[in-house]
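A, B, ... follow the sequence lines: proteins, then strands. Residue 1 opens every chain.
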There are 2 protein chains.
Amino acid sequence: MMRPAHVESVAETFRMLGAQTRVRILDGLGEGELCVGDIAKAVGMSESAVSHQLRLLRTFRLVRVRREGRQAYYAVDDHHILELLNQARTHVEEGS
Amino acid sequence: MMRPAHVESVAETFRMLGAQTRVRILDGLGEGELCVGDIAKAVGMSESAVSHQLRLLRTFRLVRVRREGRQAYYAVDDHHILELLNQARTHVEEGS
DNA sequence: TGAACGTATGAGCAAGCGTTCATATATTAA
DNA sequence: TTAATATATGAACGCTTGCTCATACGTTCA
């Protein structure tokens, strides 16, 4: 059985992955880092909405930022996140 | 890039995993099937609340039921679900 | 048949979420 | 300095979520 503190963090991580827009953002970042404007174009959302979602993803350590001039380049924080996405996609594709 | 239909299903799956109570339920089911009353005791929730959550987990195919007399025995639907939990726990334990 | 038990469901409500819009901050260019 | 650009933030609003409480359903036993 999982430790209570872990239950909370695990649920938080999944909660971050539990919205289409954030899945699309992370999926877009799968190829490599992107700046906010490019993410917004890629997922078809306003830059403001993207920025709000990136803040959540940052807070819960699913992405990290690298600032360069006036741009902020975001990347998936660690390989486990992309593996979670892949695993879930496999689950979905297998239709069970 | 992920197909739009998959994005939706993947997000749905994660959304189901994104609540402490459901994580605890699934974690409890990791050892094997349990009936509703035993799940309720294990996670310290009312049977009604557990039943509501199990319905969600059933609807999105994270668990399956086997009815036997007046009990309903729930089990994790497939191994990917437990692997997702393990992967997320690893992510959390590594502290990054 | 009737009562008891295990589970499921519907309504209702407080809390949380995800967006938009307006505004603020930081950096670069003129 | 001022203007333009890229990003971040706060408030507000409608929608969703997760619970409780009451009730209903299906099964077993007397």
*Using a 4.0 Å heavy-atom cut-off across all strands, classify A/Gln71 as base, sugar-phosphate, or nothing.*
sugar-phosphate
*d(CG, A/Leu56; P, C/dG18) in whole Å*: 7 Å
*Does B/Val65 reach the side chain of B/Leu54, with side-chain heavy atoms less than 4.5 Å apart?*
no
*Of the nucleotides D/dT28, C/dG10, D/dG10, which has the atom closest to the A/Arg55 side chain?*
D/dG10
*Between B/Phe14 (CZ) and C/dG18 (C1'), how many Å, whole number?*
19 Å
*asked:* Applying a 4.0 Å non-hydrogen cut-off, can you work out what A/Tyr74 is touching in the nucleic acid: base, sugar-phosphate, or nothing?
replied: sugar-phosphate
*State whether the distance check finds a donor on one side and an acceptor on the other, under 3.5 Å, for side chain A/Ser48 versus base C/dT19.*
no
*Give a yes/no answer on whether the side chain of B/Arg15 brings an N or O atom under 4.0 Å of OP1 or OP2 in D/dT17.*
yes
*Should A/Gln53 be listed as having a side-chain N or O under 4.0 Å from OP1 or OP2 of C/dC17?*
no
_What is the separation between atom CZ on A/Arg70 and atom C1' on D/dA6, rounded to the nearest whole Å?_
7 Å
*Distance test, side-chain N/O of B/Arg67 to OP1/OP2 of C/dG6, below 4.0 Å*: no
*Is there a donor N/O on one and an acceptor N/O on the other, under 3.5 Å, for the side chain of A/Ser46 and the base of C/dT19?*
no
*Shared hydrophobic cluster for A/Val43 and A/Leu56 (ILVMFWY, side-chain gaps under 4.5 Å)*: yes
_I'd like to know if B/Leu82 and B/Leu84 are part of one continuous hydrophobic network [Ile/Leu/Val/Met/Phe/Trp/Tyr, side-chain heavy atoms within less than 4.5 Å]._
yes
*Is there a side-chain contact between B/Leu85 and A/Phe14, using heavy atoms and a 4.5 Å cut-off?*
yes
*For the pair made of CE in A/Met45 and C1' in C/dT20, what is the distance, rounded to whole Å?*
11 Å
*Using atom CG of A/Leu54 as one end and atom C1' of D/dA8 as the other, report the distance to the nearest whole Å.*
11 Å
*Side-chain N or O of B/Thr21 closer than 4.0 Å to phosphate OP1/OP2 of D/dG18*: no
*Does any residue of residues 26-44 of chain A have a heavy atom under 4.0 Å from DNA chain D, and if so, which ones, in number order?*
A/Cys35, A/Val36, A/Gly37
*Heavy-atom closest pair, residues A/Gly28 and A/Leu34*: O-CD1, 3.9 Å
_Residue pairs, two or more places apart or on separate chains, that pass side chain to side chain donor-acceptor pair (under 3.5 Å) and touch residues 23-51 of chain B_ = B/Glu33-B/Arg66
*In whole angstrom, give the distance that lies between atom CD of A/Glu68 and atom P of D/dA6.*
14 Å
*Check whether any side-chain N or O of B/Arg58 sits under 4.0 Å from OP1 or OP2 of C/dT9, and answer yes or no.*
yes
*Out of C/dT27, C/dA8, C/dT19, which nucleotide sits closest to the side chain of A/Ala49?*
C/dT19
*Write down the atom of A/Leu62, the atom of A/Thr13, and the distance for their closest heavy-atom approach.*
CD2-O, 4.2 Å
*Atom CD of B/Glu12 and atom P of C/dC17: how far apart are they, to the nearest Å?*
18 Å
*Want to settle it: does A/Met16 or B/Glu47 sit nearer the 5' end of DNA chain C, counting the closest nucleotide to each?*
B/Glu47
*Do B/His52 and the base of C/dT9 stack face to face, with centres under 5.5 Å apart and an angle between planes under 30°?*
yes
*asked:* From C-beta outward on A/Ser51, which listed nucleotide comes closest to its side chain: C/dA29, D/dT7, D/dT28?
replied: D/dT7
*Would a 4.5 Å heavy-atom cut-off, applied to side chains only, mark A/Leu17 and A/Leu26 as touching?*
yes
